[in-house]
Amino acid sequence: MKKKKVRLLTILFVAILVINMITGHSDPLKAASSLNKDTLTMITSPDYPPYEFYDTKGGDRQIVGFDIDIAKTLAQKLGFKLQIMESDFNGLIPALQANRADFAMAGMTPTPERQKNIDFSIIYYEAKDTIVALKGSNLKQPQDLSGKKVGVQLGTIQEQNAQKIAQKVAGIQLKQLNKVPEVVQEIKSGRIDAAIVEDTVAKGFAQANPDLEFNTIPSSEASGSAIAFPKGSSLVEPFNKVLQQMKDLGTLKKLGTKWFSQNIIATTASSTPIKSGLNLDFTRILPDIPFILRGIPLTLLFTLLSVSLGLIWGTILSLLKIIGIKPLTWLANAYTSVFRGTPLLLQLALVYYATPQLTGYDISALEAGVLTFTLNSGAYMSETIRGGIQAVDKGQSEAAMSMGVPYWLMMWDIIFPQGLKNILPALVNETIGLLKDSALVSTIGVVEILRSAQIVGANKYIYFEPLLFAGLIYYLLVMGLTFSASALEKRLRQSE
Ligand code: ARG
């Protein structure tokens with residue numbers, strides 16, 4: 001029995017080391033923010049082909065595009081390594097303000113409002129706004145949008161421009177979404193009538209989706225793209241120098257031709273007009289399956305850590321509940337009621353977004369996930385464990401006490417092992433729950449199974465297939481868990 005416990009503790013210890021390694025070393029948020037360093041951290045919103053998007057071919061999780069090539073050249077010329085992190089577009093400026101990145105490239109246009117909060121480089125590319133709509137819908141100019149639902153990406157100048165149009169043209173209803181592919185998908189599903197998107201981006205989407213067309217808004221002023229920095233950054237100068245060089249030498253133009261003249265999306269995507277009936281075609285996600293599968297280890301690690309830490313925390317809580325010291329019992333009960341009484345998703349968002357503000361510690365998404373799930377499942381498990389312990393025959397503890405066995409030793413050696421056996425099925429249930437709920441951490445940007453599937457879907461404009469495939473993976477994982485748990489239970493029962 002003793003050996004087993006030692007083994008369990010060792011496994012836990014190793015697991016904690018592993019998560020530290022993962023979150024400590026590869027977490028881009030942790031890059032030093034002062035300038036005597038060898039790596040620059042760039043933040044981008046990879047939903048914007050050909051500027052920046054995920055290349056999911058062959059299982060690599062790589063962000064590529066025009067901006068990325070420019071950033072790489074800049075970093076290399078200035079003697080830095082480059083690290084790329086991502087966020088939705090509307091999170092870029094806050095990230096710079098919080099010094100979570102050294103610069104942002106996301107086809108971002110310098111506007112006077114933005115310039116109040118962040119600094120910009122010189123402009124490296126010019127674009128114009130277009131109206132994207134279904135072919136034949138005849139939505140070509142701003143006045144055609146009267147009475148229509150129009151989609152835009154949240155936090156972009158397209159959102160502002162659409163608002164301006166809405167002041168002149170009656171009855172426009174705006175719909176703001178986080179990512180450009182989502183906006184495009186909404187047109188295809190008929191939930192919105194049109195979208196305002198920059199020309200180079202619109203072109204790619206229209207090529208990949210023959211049912212879409214785009215028309216440049218004639219009156220729209222050209223909006224340039226520039227690199228964004230935290231206010232007062234000392235990088236602006238050197239970046240501008242190299243950018244100017246790249247302009248003069250024609251490097252920028254070359255990169256432009258590389259990314260803007262070819263049909264990059266159409267090679268990976270095909271058109272999927274929504275027809276009635278389920279026209280599923282899994283062959284389209286075949287090349288991306290390795291990419292989705294790569295989410296599995298993270299999901300499993302996450303579940304393992306949350307279950308083991310939750311078990312420890314739950315045990316402590318359950319002890320507080322049965323130990324008979326009133327204030328402690330009261331505290332543990334209050335804790336349980338709060339964590340069982342509020343949504344897990346809300347707890348997750350609070351831990352992730354509030355921790356840096358409250359403690360100054362820049363918690364990574366994975367750490368925030370494990371912490372929240374531990375706190376939450378500890379609350380549930382404490383009740384299960386309490387029940388398991390209290391179900392152990394009272395006579396045993398009385399016997400042990402009368403033989404002079406100390407309380408903690410009795411708990412550890414006699415009561416716990418039996419209690420654990422009692423609650424095994426409940427623990428398996430909890431683990432299954434955690435495994436599936438781990439999908440929630442996709443909302444704060446951990447690229448686990450669900451998020452991988454969503455990325456593939458966004459890249460290829462197909463939604464059902466990757467999601468169904470992700471569902472299948474979860475199901476198989478849960479089945480595997482169930483079988484191994486019942487095998488374990490059988491063995492425990494035989495060893496009785
Ligand atoms: N140029 C526009 C802006 O600055 C849109 C940029 C959107 N970029 C992106 N990666 N989604 O607001």
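Start at 1 and go down the list; that is how both ligands and their atoms are numbered.
For the pair Lys135 and Glu213, the salt-bridge criterion is not met [side-chain N within less than 4.0 Å of a carboxylate O]. Classification of Asp199 and Lys128 as a salt-bridged pair fails, no side-chain N sitting under 4.0 Å from a carboxylate O.
Residue pairs satisfying the salt bridge (Lys or Arg N to Asp or Glu O under 4.0 Å) criterion with at least one member in residues 139-148, sequence neighbours excluded, are absent.
Protein residues with a heavy atom under 4.0 Å from ligand 1 are Ser45, Asp47, Tyr48, Glu52, Phe89, Ala106, Gly107, Met108, Thr109, Arg114, Gln153, Thr156, Ile157, Gln158, Glu198.
Across Lys179, Arg451, Arg100, a single residue satisfies salt bridge (Lys or Arg N to Asp or Glu O under 4.0 Å) together with Glu86, and that is Arg451.
Side-chain atoms of Tyr124 and Asp67, non-hydrogen and from C-beta on, do get closer than 4.5 Å to each other.
There is no side-chain donor-acceptor pair under 3.5 Å between Asn90 and Gln176.
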